[in-house]
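Since the structure comes first, as structure tokens, the remarks are kept for the end.
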There are 2 protein chains.
Amino acid sequence: MGRKLDIGELLRQQPVFREMSDELLQRLAAVAIQVRAAKHQLVFRRGEQATGIYIVATGHVKLAIPSPQGQEKVIEFFRPGQIFGDAVMFLDRPYLVDAEALEDSLLIWIDKHHLYEAIDHEPALARHLLVSLSQRLHFLMQDIESVNLQTSTQRVVSWLLRQPRRATDAGTQTSFAVSKNLIASKLGLTPETLSRVLHQLRIAGLIQVEGRDILIHDADALEQCMAG
Amino acid sequence: MGRKLDIGELLRQQPVFREMSDELLQRLAAVAIQVRAAKHQLVFRRGEQATGIYIVATGHVKLAIPSPQGQEKVIEFFRPGQIFGDAVMFLDRPYLVDAEALEDSLLIWIDKHHLYEAIDHEPALARHLLVSLSQRLHFLMQDIESVNLQTSTQRVVSWLLRQPRRATDAGTQTSFAVSKNLIASKLGLTPETLSRVLHQLRIAGLIQVEGRDILIHDADALEQCMAG
DNA sequence: CGTTTGGTTGAGAGAACTCAAGGTTCGTGG
DNA sequence: CCACGAACCTTGAGTTCTCTCAACCAAACG
């Protein structure tokens, strides 16, 4: 009982379900399942069949394509409120990617059939899902653009400029939410190349790097070096 | 009057609207707009605002990211029955890509507001759109995988093997629906590289190339060379 | 029949990768 | 609190794959 109330609360906190009627939400809460994933734990693997969707309640999850040679290609990171695993579910296909918790995370899992039922009764939910999928399609297109027609420096710079940053006295600051290894993979670079690019930018006096924190002295100047 | 009936017919032929009630379909037909696009004509350009979706009735359309240096990156091709321009519409963002007709094409355009209304009344439509978006998300992920962790040969081979083919006496045959230039761009290669890869495969006795037709002698053997 | 468009082939260059070693940071257990 | 090991990151040297540039060929088309 207490557990179900818990899930109802959790669901209500998610943007996807915010506009949903109490009745429907309770119906979903009754069938939604809490999934705890410890840091480094795989939520699902490439090749497994998808029978529902995941919503991140707390934590951080990464989607990546594994490769036989051991290296992997990071596709995306998911934060609280975001949905993943939906595309393959709608297609009835096996996962293309591994999903791994980057820190201890709490996920909500909803079965396909219950989700479909909810969609049929709640157009707002359908809209949310459409927006969520669109969002990711959009990001993926940007990634494809970046990998296909930009140099390593351009990729890093445009990525830096796209990150949320806060102002400081010496410029604006941003920081990597994850290891540089993962950032490199996300950008389609090797860790070595990312390191070298950051070095160049530092030498050029454009940024300052301290661990995972990056200080951008002059965003406009950075933007300039996208051209060269 | 005749024109509206026309559109109703057209709509009914599209998988997206197949399960729709006659009433709703007629309402959509009343507001749907036929768009004719001549070969090489741009349907929309990167940067323009999206206020509706397109459905291909007849013809062939390509989505590509333009690049300042003139080269472009082909993202996807669309055939009759397929929808495009929906992702940016749901996000209220400007197009990321150019859409160009590869041959004289007939498109159906539906305004955002009317589409939303239809979604709200017809869950089946929402599902179709979800599947359509999922499909493309899936393809895009495969493309990212291909560009990031495969060599030029692997990309070409896996693409060849993914194409629909028909059996012949000397193996299975497939053919490029578009120029090799566009295929190369879709695969993230230069035309030169694609040409060279096809040459190698021909030398190796794995395929036979004649214009846009490719004869695959031994699909299994081809698959083998994905490893090396 | 010239012109354009699409495709092939060759030679050379360059950007990012691989491999290898060294340095940091961080967490953990002594 | 320090010491040690394991990740994580950086730096260097050399290689390789794909691209660029350029010429040439073939087919399509007016």
Side-chain angles (χ1 to χ4, degrees), chain A residues 38-40 62 67-74 100 102-104 146-157 159 175-203 207-214 225-228, chain B residues 38-40 62 64 67-74 100 102-104 146-157 159 175-203 207-214 225-226 228:
Chain A
K39 186 172 181 174
H40 296 140
K62 133 196 133 187
S67 123
Q69 294 84 13
Q71 72 253 42
E72 59 168 24
K73 162 64 186 177
V74 172
E100 180 188 327
L102 293 174
E103 48 189 74
D104 294 353
S146 140
V147 169
N148 278 284
L149 3 112
Q150 298 193 312
T151 66
S152 57
T153 304
Q154 290 174 320
R155 284 185 232 178
V156 174
V157 168
W159 185 86
S175 78
F176 297 112
V178 296
S179 76
K180 286 181 185 157
N181 250 308
L182 294 183
I183 300 289
S185 172
K186 173 90 210 302
L187 295 178
L189 301 171
T190 56
E192 291 96 327
T193 299
L194 174 60
S195 179
R196 284 187 248 267
V197 168
L198 289 176
H199 183 74
Q200 300 302 339
L201 294 174
R202 213 170 41 202
I203 295 295
I207 64 173
Q208 212 167 310
V209 183
E210 227 177 284
R212 289 188 177 181
D213 296 320
I214 311 263
C225 83
M226 293 273 300
Chain B
K39 186 172 181 173
H40 295 139
K62 133 196 131 187
S67 122
Q69 294 83 12
Q71 73 253 42
E72 58 169 23
K73 162 65 187 177
V74 172
E100 181 187 326
L102 293 174
E103 49 190 72
D104 294 354
S146 141
V147 169
N148 279 284
L149 6 107
Q150 299 192 312
T151 66
S152 57
T153 304
Q154 290 174 319
R155 283 186 232 178
V156 174
V157 168
W159 186 85
S175 77
F176 298 111
V178 297
S179 75
K180 285 180 185 157
N181 250 308
L182 293 183
I183 299 289
S185 173
K186 174 90 207 306
L187 296 177
L189 301 171
T190 56
E192 292 95 326
T193 300
L194 174 59
S195 178
R196 283 187 250 269
V197 168
L198 289 175
H199 184 73
Q200 302 301 339
L201 294 175
R202 215 170 40 201
I203 295 293
I207 64 172
Q208 213 168 309
V209 183
E210 227 177 281
R212 289 188 177 181
D213 296 320
I214 310 261
C225 82
M226 293 272 301

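Quick note on labels: first sequence line is chain A, next is B, and so on, each numbered from 1. Bear in mind that the values here come from a model prediction, so they are computed numbers and not experimental data.
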If I take atom [atom1] in residue [X] and atom [atom2] in nucleotide [N], what distance separates them, rounded to the nearest angstrom?
X        : N      : atom1 : atom2 : value
B:Glu210 : C:dG7  : CD    : P     : 15 Å
B:Glu192 : C:dG14 : CD    : C1'   : 15 Å
B:Arg212 : C:dG6  : CZ    : C1'   : 9 Å
B:Ile214 : C:dG7  : CD1   : P     : 11 Å
A:Lys73  : C:dC17 : NZ    : P     : 11 Å
A:Asn148 : C:dA15 : CG    : C1'   : 15 Å

Inset, instruction - Output all residues satisfying salt bridge (charged side-chain N to carboxylate O under 4.0 Å, His left out) with B:Lys186, sequence neighbours left out; order by chain, then residue number. - result: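 In terms of salt bridge (charged side-chain N to carboxylate O under 4.0 Å, His left out), with neighbours along the sequence ignored, B:Lys186 is linked to B:Asp143.
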
Legend entry - B:Lys73: salt bridge (charged side-chain N to carboxylate O under 4.0 Å, His left out) partners, not counting sequence neighbours: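 B:Lys73 satisfies salt bridge (charged side-chain N to carboxylate O under 4.0 Å, His left out) with no residue once adjacent residues are dropped.
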
Inset, instruction - Give me the residues of residues 177-185 of chain A where at least one heavy atom lies under 4.0 Å from an atom of DNA chain D, by number, or none. - result: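 DNA chain D contact set from residues 177-185 of chain A: A:Ser179, A:Lys180, A:Asn181.
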
Legend entry - For DNA chain D, the residues among residues 195-203 of chain B that have a non-hydrogen atom under 4.0 Å from it: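 Here the set is B:Arg196.
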
Legend entry - Gap between atom CD of A:Gln208 and atom CG of A:Asp213 - 0.5 Å precision: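 If we round to the nearest 0.5 Å, A:Asp213:CG and A:Gln208:CD are 11.0 Å apart.
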
Inset, instruction - Can you measure from CG (A:Leu189) to CG (A:Leu194) and round to the nearest 0.5 angstrom? - result: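 Between atom CG of A:Leu189 and atom CG of A:Leu194 there are 6.5 Å.
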
Inset, instruction - Locate the shortest heavy-atom distance separating A:Cys225 from A:Leu201; write the atom from each residue and the value. - result: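 Here A:Cys225 and A:Leu201 meet closest at SG-CD2, 4.2 Å.
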
Name all residues meeting the side-chain contact (heavy atoms from CB on, under 4.5 Å) criterion together with [X]; count only those two or more places apart in sequence or in a different chain, and write none if there are none.
X        : value
A:Gln150 : A:Ser146, A:Gln154, A:Arg155, A:Ser158, A:Met226
A:Gln69  : A:Ser67, A:Gln71
A:Gln200 : none

Inset, instruction - May I ask you to evaluate whether A:Ser152 reaches the phosphate of C:dA15, defined as a side-chain N or O under 4.0 Å from OP1 or OP2? - result: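 No, outside the criterion.
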
Inset, instruction - Anything under 4.0 Å to a heavy atom of chain B counts; send over the first and last such nucleotide of DNA chain D, read 5' to 3'. - result: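 Extent of the interface on DNA chain D: D:dT18 to D:dA22.
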
Legend entry - Steps toward side chain to side chain contact (heavy atoms under 4.5 Å, CB included) verdict (B:Thr193, B:Val156): CA-CA 10 Å; B:Thr193 300; B:Val156 174; over 6 Å; no

Legend entry - Angle by which the axis turns from one end of the helix from C:dC1-D:dG30 to C:dG30-D:dC1 to the other, five pairs per end, to 10 degrees: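 Rounded to the nearest 10 degrees, the bend comes out at 40°.
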
Without placing hydrogens or testing angles, list every side-chain donor-acceptor pair under 3.5 Å for residues 175-183 of chain A, not counting sequence neighbours.
unit_1	atom_1	unit_2	atom_2	d
A:Ser179	OG	A:Leu182	N	3.4
A:Lys180	NZ	A:Gly211	O	3.1

Inset, instruction - State plainly whether the residues A:Glu103 and A:Lys39 are in salt-bridge range, i.e. N to O under 4.0 Å. - result: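 A:Lys39 and A:Glu103: not salt-bridged.
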
Legend entry - Summary of salt bridge (charged side-chain N to carboxylate O under 4.0 Å, His left out) pairs that have at least one residue in residues 192-202 of chain B, sequence neighbours excluded: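 Listed once each, the pairs would be none.
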
Inset, instruction - Under the side chain to side chain donor-acceptor pair (under 3.5 Å) rule, collect the residues that match up with A:Ser152, sequence neighbours excluded. - result: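 So A:Ser152 forms no side chain to side chain donor-acceptor pair (under 3.5 Å) with any residue.
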
Legend entry - Sugar-phosphate, base or nothing in reach of A:Leu189, heavy atoms under 4.0 Å: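 Contact class for A:Leu189: sugar-phosphate only.
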
